[in-house]
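We're numbering straight along the sequence, starting at 1.
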Amino acid sequence: MYCGDYTQGTILPAPNFNPIMDAQLLGGALQGICCEKDVLIEILTQRCNSQRLMIAEAYRDMYGRDLITDLKENLSHHFKEVMVGLMYPPASYDAHELWHALKGVDTEEKCLIDILASRSNMEIFQMKEAYLMQYNSDLQQDIDSETSGHFRDTLMNLAQGTRMEGYADPSTAAQDAMILWEACQQKTGEHKNMLQMILCNRSQQQLWMVLCIRDKPSYFAYRLYNAIHDFGFHNKTVIRILIARSEIDLMNIRQRYKERYGKSLFHDIKHFASGHYESALLAICAGDTEDY
């Protein structure tokens with residue numbers, strides 16, 4: 001929970017779940033003459049991650065094929081990114097996104113911040129294990145080689161997964177805020193070191209208080225709004241946040257989005273996306289239609 005709010009995702013475990021039946025339906029949708037994309041959306045966006053992994057196992061047993069491979073072969077563009085992204089376990093998805101953020105033509109600094117600053121210590125440990133297994137590479141070594149300066153130092157500390165978690169002391173947060181203000185104003189090496197110390201060693205709740213961000217839903221609402229409006233619909237950011245937060249707090253993110261920006265996340269996605277890609281994003285966004 002963040003600041004006393006109840007957190008809720010938009011994708012919940014499906015009742016009366018039958019992975020064998022879902023695998024059969026997906027096989028028919030993928031292996032027919034025309035790929036039935038509506039069936040893919042109906043199933044994959046309405047099952048939680050653990051259920052999707054069971055479907056993938058049933059699919060492999062039934063057809064002797066890998067579901068992710070078949071999705072990649074039959075789909076294209078951003079719709080493929082959404083469907084394939086939904087099939088990764090959370091730690092593997094984080095590792096996938098971090099790898100591409102670090103190894104792309106330009107390092108995607110905001111992606112690194114989104115993931116490393118918002119995950120718990122346990123989640124960071126799990127993503128490092130997944131990163132090593134998937135890419136035979138050490139995440140911290142790659143951060144060290146692909147980034148630089150105080151930004152690198154901060155990411156390296158975040159990637160250690162040793163930040164304090166739990167209760168946020170308002171008095172400590174206020175003191176940290178003063179140090180942060182001085183660090184931002186003076187920009188000396190000493191003050192940057194203090195900035196790094198606060199960001200990496202304070203609890204997640206304190207970090208949001210220090211930065212005047214109430215909670216993660218508010219932060220990700222801001223990131224989504226910027227991705228949609230300031231970058232001409234930055235697809236990778238929108239896809240990553242919707243998938244990563246879908247079972248955690250996407251309902252809360254939607255609420256913050258509408259409160260802060262006047263229009264719903266549903267409305268803005270519908271305005272900028274199209275086709276089955278739009279349908280998939282809106283299905284993940286979910287919620288009651290009267291909210292939009």
Side-chain angles (χ1 to χ4, degrees), residues 7-19 21-30 32 34-56 58-59 67-68 70-72 74-90 92-93 96-97 217 220-221 223-225 227-228 233-258 261 263-292:
T7 58
Q8 183 179 350
T10 56
I11 297 180
L12 304 173
N16 304 315
F17 172 62
N18 187 329
M21 181 177 296
D22 285 346
Q24 289 176 332
L25 291 171
L26 289 175
L30 288 168
C34 297
C35 180
E36 298 178 43
K37 296 177 182 177
D38 290 332
V39 174
L40 304 183
I41 295 171
E42 181 180 351
I43 294 175
L44 297 183
T45 66
Q46 303 304 310
R47 309 291 186 269
C48 68
N49 187 262
S50 61
Q51 291 177 333
R52 291 193 292 267
L53 297 181
M54 286 189 276
I55 293 171
Y59 188 94
L67 178 55
I68 290 180
D70 283 357
L71 289 170
K72 288 180 178 179
N74 285 275
L75 306 177
S76 60
H77 305 301
H78 301 307
F79 180 64
K80 176 174 73 174
E81 294 176 33
V82 177
M83 294 293 101
V84 171
L86 287 168
M87 294 307 304
Y88 285 108
S92 296
Y93 187 64
H96 173 271
E97 294 298 292
F220 283 115
R223 289 284 290 124
L224 283 168
Y225 185 84
I228 293 172
F233 206 90
H234 194 271
N235 294 281
K236 290 185 67 175
T237 299
V238 174
I239 293 169
R240 181 180 68 251
I241 294 174
L242 290 188
I243 290 177
R245 310 310 297 184
S246 62
E247 294 183 42
I248 302 172
D249 54 4
L250 185 53
M251 189 75 75
N252 306 76
I253 293 170
R254 278 182 29 214
Q255 292 168 351
R256 298 289 195 280
Y257 192 100
K258 187 172 184 180
Y261 306 113
K263 292 183 179 179
S264 68
L265 179 58
F266 185 98
H267 170 277
D268 284 351
I269 290 173
K270 194 171 182 64
H271 182 74
F272 285 96
S274 61
H276 287 96
Y277 174 48
E278 172 198 331
S279 299
L281 293 181
L282 294 180
I284 296 172
C285 198
D288 298 326
T289 55
E290 59 263 26
D291 290 339
Y292 307 132

Measure from the side-chain N and O atoms of Q51 to the backbone N and O of A14, and report whether any donor-acceptor pair falls under 3.5 Å. yes

Closest non-hydrogen contact found for C285 with L250 is CA-CD2, 4.2 Å

Without placing hydrogens or testing angles, list every side-chain donor-acceptor pair under 3.5 Å for residues 268-275, not counting sequence neighbours.
residue, atom, partner, partner atom, Å
D268, OD2, H229, NE2, 2.8
D268, OD2, Y257, OH, 2.6
K270, NZ, E278, OE2, 3.2

Please confirm whether the backbone N or O of R52 pairs with a side-chain atom of R47, one donor and one acceptor, at under 3.5 Å? no

Quick check against the 3.5 Å criterion: does E81 have a side-chain atom that pairs as donor or acceptor with the backbone of I239? no

Are any non-hydrogen side-chain atoms of H276 and D38 less than 4.5 angstrom apart? yes

Are any non-hydrogen side-chain atoms of Y277 and H77 less than 4.5 angstrom apart? no

To the nearest 0.5 Å, tell me how far N235 CG sits from H78 NE2. 3.5 Å

Could you give the distance from CG (N18) to CE (M54), rounded to the nearest 0.5 Å? 10.5 Å

Take I228 and L265, measure what side chain to side chain contact (heavy atoms under 4.5 Å, CB included) needs, and give me the verdict at the end. CA-CA 9 Å; I228 293 172; L265 179 58; 3.8 Å; yes

State which residue, out of I243, L242, T45, fulfils the side-chain contact (heavy atoms from CB on, under 4.5 Å) condition with L281. L242

Is it true that, when you exclude E42 itself, more than 12 heavy atoms of the residues, nucleotides or ligands shown sit nearer than 6.0 Å to its CD? no

With no hydrogens and no angle check, is any side-chain donor or acceptor of R240 less than 3.5 Å from a backbone partner on E97? no

